[in-house]
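Read through the structure below, which is laid out as structure tokens, and then see the notes.
Letters A, B, ... are given to chains in the order of the sequence lines, protein chains preceding strands, and every chain is numbered from 1.
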Amino acid sequence: MSGRELAKGYEPHEVEKRWYAEWEEKGYFRAAASSEKKPYSIVIPPPNVTGALHMGHALNNTLQDILCRWKRMQGYNVLWMPGTDHAGIATQNVVERQLFAEKKDRHELGREAFIERVWQWKAESGGQIIGQLKRLGASCDWERERFTMDEGLSKAVRTVFVKLYEDGLIYRDNRLINWCPRCHTALSDIEVEHEEKKGHLWHIRYPVVGEPGRFVVVATTRPETMLGDSAVAVHPEDERYGDLIGKKVLLPLVNREIIVVADDYVDREFGTGVVKITPAHDFNDFEVGVRHDLDRINVFDESGVVNAAGRQYEGLDRFAARVRIVADLESIGLLEKVDEHGMSTGGCYRCKTVVEPYLSLQWYVKVAPLAEKAMEAVKDGRTRIVPKQWENTYFDWMENIRDWCISRQIWWGHRIPAWFCDHCGEITVSMEDPADCAQCGSDEIRQETDVLDTWFSSALWPFSTMGWPDQTEELRSFYPTSCLVTGFDILFFWVARMMMMGMHFMGDVPFRDVYIHALVRDAAGQKMSKSKGNVIDPLTVIDQYGTDAFRFTLAAFAAQGRDIKLAEERIAGYRNFCNKVWNAARFTLMNLEGFDPESMEFDELQLTEGDRWILHRLNETIKTVDETLTDYRYNESAMALYQFTWSEFCDWYLELAKQDLYGGDAERKKTVQYVLWHSLETLLRLLHLFMPFITEEIWQVLPKAGSGFGVRGRKAKHHLYPSCWRSIPNSANPDPFLKLLQIWSGSWRLSPVSAIFEERWRCHRRSRLLSSFHAAVMRACIS
RNA sequence: AGGCGCGUAGCUCAGGGGUAGAGCACUAGCUCGACACGCUAGGGGUCGGCGGUUCGAAACCGCCCGCGCCUACCA
């Protein structure tokens, strides 16, 4: 076998185009439902089906791909389960915007036609993100691709809903929820993003009934809600107002008499010590209202526009109403003063509209019992969260968890399988669509129009994708999954809920490890967002620098506990690294003329200290990669490979090798060829995790040791690598070749010259002394 | 208000009780047979501040300053 030549420079796009299809075609990524091999499984955090690949996906999936390729090469039966999420509100919003552009709205279309339209949009755009993941090199088992609204998953969702309802863990209640006046739906607590904003504190005089000329002054940040006041509250021990408790004040503008109540909730120090109580539009006031049995007066409609209860302000948007009310109060002399005041406002996580606390009847999951088990699983180590500091966040949230509002007033999603009976008013919840009321038998029933929170179906992902509720081979083999790789931003949305559902329905954790990675920010540290215009499109980066360089950059940046500020120069740096690898291979191939690893006899090798040194360093690098990846220290793996490749293999060994390759000693040349070939071949396999395309390309032109490395008298068990990316040496299973050389795990005793190498290497790492010793060491090696 | 994290070379970041590291940028040489996306030689940092532990601290501990994020019902 003779060395073939590679092109002079590395051209990523040619190479990348070629390989993915072949990998897929050859089924390299296919997982067996069951196998003799040990299982290793990861479920992908499903991207929004109609979405496009962003930096977060790129990082997330690169990290997963590294693990999957690594485990696959270690001989595991690897399942990387792919799929997409229907992303209820987000997707519905996109389609609604399309309709808006056509000057239509969903209500004109009607529910069925609208949903049809969304499916159509999914069909058009749904493949995009999958194609982009493939471009990134993600080695998912695509034949298993799932969608949160496909038939199987919908069945899982319904099963879970029905069971939780039957267990008494799902209930309906009429209370305040966070309402998005633009999306027209309820949101869960964590779907609200809080932001600190400058606001005002308006001081308003409420006349005391029966005591002309006496006022109480309330301070509020939201004067428009006064339309719905049903009391004012003071602290029970506040001497200033003690005599007012139980009396009435006149609500200005509305001219409704409301009571003065005493409640501990009031902070005497804040504002005037008098709080207006609006039970229908403030979470605290709601509680006060419960304690004092106050009316809940809803003054807004579902769009945040003042309704009939707001009398003369009816029809005004809440913010317009605020302006008008403040002006009116001022004109009648009831506005005492206005202070600057910082306050936090909640915005819808999908459209950023300021959410409104809104009184409505919604479905809830009672989560405390579920959270209990989910916490225990982490406490006793059945699930390990990496980095560990996230455990605190996880526990903190679980301990203070509030019931989960799961109903959404949108159309795109899993419709809640509950039917209301018009006859007896009872609710029927069942696996099969009922024809009549389970309570009274009346056929005058109608299905709940709400759908479930998107995260409800996501919560089931680790087992629903494997065929649950059926007891499948996949579940037996791959549940619990080995690892979940995800960003901390969805720790509560997704990870915590998967834990709860997994424990409840599978009786076991959904994953052994959770690796929480950072967010990718722009170079200035800002979160990337379309509105800020600072989004770096991963596909643009790939176009410019190639997938391998990009992946390597992400891995090199993925230090634990720190966000990633993506600096383009670094990507260019690793693009150069790709080129370095390419050229090291090119050099090796150019000098492998007449070399056939299979014909080599072990006893023919005449290893110098230089040879032993590089093999030892290679060995150490393997161990480092193995160890660091076990702990998800991707950046350290990447750096170890970078250092070895460039500073040792290229800077040193290739230079040393030239002496023997061009020197004329045939035996030495043969040995050097072997060491070069072996080192490169092993290195490629290690690098493959990070840069699959370029390594595959090089591998294909590298001589193969298909049947083994010959040792006199018998064939050695050195037929390591029957097919390309199926095997990787690691510390548990050392490379037999290195074993033969007895340099595995430090069993190699350093001779004086190799000690020089070791010392030299340490020097190099500490300082820049390497080069000054370069010539001396070369001489030492050659002699 | 609590919790977490971060402050190291001009920039983006690793590292972590024992002579300060990488990429990019910078300076001076290199068209010598893998690579100018390169090679060689350099310049540049009292590792946020102050104390403590130690033979020794950028690293460990305490406090402080600055920044970021997450949670929280102060209207």
Discussion item. By the 4.0 Å heavy-atom rule, please label A:Lys658 as base, sugar-phosphate, or nothing.
Written reply: base

Worksheet item: How far, in whole Å, is B:rG10 from B:rU54 if one measures between their C1' atoms?
Response: 35 Å

Worksheet item: How far does the P atom of B:rU27 sit from the matching atom of B:rC32, given to the nearest Å?
Response: 23 Å

Practice prompt. Assign A:Arg633 to base, sugar-phosphate, or nothing according to its heavy-atom contacts below 4.0 angstrom with the strands shown.
Written response: nothing

Practice prompt. Compare the aromatic ring of A:Tyr662 with the six-membered base ring of B:rG33 and state whether they stack according to the 5.5 Å and 30° rule.
Written response: yes

Discussion item. Using whole Å, what does the distance between atom C1' of nucleotide B:rA22 and atom CD of A:Gln643 come to?
Written reply: 7 Å

Discussion item. With a 4.0 Å limit, can you tell me whether A:Trp646 has a side-chain N or O closer than that to the phosphate oxygens OP1/OP2 of B:rC39?
Written reply: yes

Worksheet item: Which part of the nucleic acid, if any, lies within contact of A:Phe283, taking any heavy atom under 4.0 Å across all strands shown: a base, the sugar-phosphate backbone alone, or nothing?
Response: nothing

Discussion item. Taking any heavy-atom pair under 4.0 Å as a contact, classify A:Phe557: base, sugar-phosphate, or nothing.
Written reply: sugar-phosphate

Discussion item. Under the ring pair (Phe, Tyr, Trp, His ring centres under 6.0 Å) test against A:Trp582, which residue among A:Phe577, A:Phe693, A:Tyr10 passes?
Written reply: A:Tyr10

Worksheet item: For B:rA75, does either OP1 or OP2 sit under 4.0 Å from a side-chain N or O belonging to A:His341?
Response: yes

Worksheet item: How many Å lie between CD on A:Gln389 and P on B:rC6, as a whole number?
Response: 7 Å

Item to complete: Find the distance A:Phe552:CZ to B:rG23:P and express it as a whole number of Å.
Response: 12 Å

Fill in: Base partner of B:rU46, which must satisfy Watson-Crick or wobble distances under 3.5 Å
none

Worksheet entry | Value rounded to 0.5 Å, distance of NE2 in A:His203 from OG1 in A:Thr272 | 6.0 Å

Discussion item. Looking at A:Lys388, I want to see if its NZ is surrounded by more than 12 non-hydrogen atoms of other residues, nucleotides or ligands under 6.0 Å.
Written reply: no

Practice prompt. Look at all strands and tell whether A:Tyr642 reaches a base, only sugar-phosphate, or nothing, counting heavy atoms closer than 4.0 Å.
Written response: sugar-phosphate

Item to complete: Give A:Gly199 one of three labels, base, sugar-phosphate or nothing, depending on what nucleic acid heavy atoms sit under 4.0 Å from its own.
Response: nothing

Item to complete: Write down the distance between NE2 (A:His194) and C1' (B:rA1), rounded to a whole number of angstrom.
Response: 15 Å

Worksheet entry | Aromatic plane relationship, A:His678 with A:Tyr674 - under 30° parallel, 30 to 60° tilted, over 60° perpendicular | parallel

Worksheet entry | Between B:rU19 and B:rG56 - P atom distance, rounded Å | 16 Å

Worksheet item: Choosing from B:rA75, B:rA34, B:rC70, which nucleotide comes nearest the side chain of A:Arg586?
Response: B:rA34

Fill in: Complementary nucleotide of B:rC74, counting Watson-Crick and G-U pairs under 3.5 Å
none

Discussion item. Taking only the C1' atom of each, what is the distance from B:rU71 to B:rC11 in whole angstrom?
Written reply: 33 Å

Practice prompt. Using the ring pair (Phe, Tyr, Trp, His ring centres under 6.0 Å) rule, take A:Tyr642 and A:Tyr574 through it: C-alpha gap first, then chi angles, then the decisive distance, then the call.
Written response: CA-CA 9 Å; A:Tyr642 186 93; A:Tyr574 294 120; 5.6 Å; yes

Discussion item. Once you apply a heavy-atom cut-off of 4.0 Å, does A:Leu654 come out as touching a base, just sugar-phosphate, or nothing?
Written reply: base

Practice prompt. May I ask you to check whether over 12 heavy atoms, not counting those of A:Glu196, lie within 6.0 Å of atom CD?
Written response: yes

Worksheet, complete the sentence: Walking RNA chain B from its 5' end, the first of A:Val192 and A:Phe270 to be reached, judged by nearest nucleotide, is A:Val192

Response to the item:
Whole-Å distance, A:Glu593 CD to B:rA34 C1', equals 15 Å

Worksheet item: Below 4.0 angstrom from OP1 or OP2 of B:rG33, is there any side-chain N or O of A:Asn591?
Response: no

Item to complete: Would you mind classifying the nucleic acid contact of A:Cys650 as base, sugar-phosphate or nothing, using non-hydrogen atoms under 4.0 angstrom?
Response: base

Worksheet item: In the strands shown, is B:rU53 matched to any nucleotide by a Watson-Crick or G-U wobble pair with both distances under 3.5 Å, and which?
Response: none

Practice prompt. Go ahead and name the base partner of B:rC6; Watson-Crick or wobble counts if both distances stay under 3.5 Å, otherwise write none.
Written response: B:rG66

Discussion item. Strictly below 4.0 Å: does A:Arg402 bring a side-chain N or O up to OP1 or OP2 of B:rU71?
Written reply: no

Worksheet item: With both distances under 3.5 Å as the test, what is the Watson-Crick or G-U wobble partner of B:rC39?
Response: B:rG29

Worksheet item: Which of these nucleotides, B:rU71, B:rG15, B:rC39, is closest to any side-chain atom of A:Asn635?
Response: B:rG15

Practice prompt. Report yes or no: is the cationic atom of A:Arg318 (NZ for Lys, CZ for Arg) closer than 6.0 Å to the six-membered ring centre of A:Phe300, at no more than 45° off its axis?
Written response: no

Fill in: Sugar-phosphate only, base, or nothing, as touched by A:Val266 at under 4.0 Å among non-hydrogen atoms
base

Worksheet entry | Nearest-angstrom distance, P atom, B:rG15 to B:rG3 | 25 Å

Worksheet item: Quick one: is the NZ or CZ of A:Lys658 closer than 6.0 Å to the six-membered ring centre of A:Phe587, and within 45° of its axis?
Response: yes

Item to complete: Counting Watson-Crick and G-U wobble pairs only, both distances under 3.5 Å, name the nucleotide matched with B:rA58, or none.
Response: none

Discussion item. I'd like the P distance from B:rG66 over to B:rC39, given in whole Å.
Written reply: 44 Å

Practice prompt. Answer with base, sugar-phosphate or nothing: what part of the nucleic acid does A:Asp267 contact at a heavy-atom distance below 4.0 Å?
Written response: base

Discussion item. Only pairs with both distances under 3.5 Å count, Watson-Crick or wobble alike; so what is the partner of B:rG23 in this structure?
Written reply: B:rC11

Worksheet item: Between A:Tyr364 and A:Arg175, is there a cation-pi geometry (under 6.0 Å to ring centre, at most 45° from the normal)?
Response: yes

Worksheet item: Rounded to whole angstrom units, what separation is found between the CD1 atom of A:Ile516 and the P atom of B:rC4?
Response: 17 Å

Worksheet item: Does the side chain of A:Lys580 get closer than 4.0 angstrom to OP1 or OP2 of B:rC39 through an N or O atom?
Response: yes

Discussion item. Please report the distance, rounded to the nearest Å, between CG in A:Leu491 and C1' in B:rG3.
Written reply: 13 Å

Worksheet item: Mapping A:Phe587 and A:Arg570 to their closest nucleotides on RNA chain B, which lands nearer the 5' end?
Response: A:Arg570

Discussion item. Nearest whole Å is fine: how far is B:rG23 P from A:Arg575 CZ?
Written reply: 14 Å

Worksheet item: Distance between the C1' atoms of B:rC73 and B:rU46, in whole angstroms?
Response: 49 Å

Discussion item. Looking at B:rA72, I'd like to know if its phosphate oxygens (OP1 or OP2) sit under 4.0 Å from a side-chain N or O belonging to A:Asn400.
Written reply: no

Discussion item. Side chain of A:Phe488 only, heavy atoms from C-beta on: which candidate in B:rU71, B:rG5, B:rC69 is closest?
Written reply: B:rC69

Discussion item. Please report the distance separating the C1' of B:rG2 from the corresponding atom of B:rA72, rounded so that it comes out in whole Å.
Written reply: 8 Å

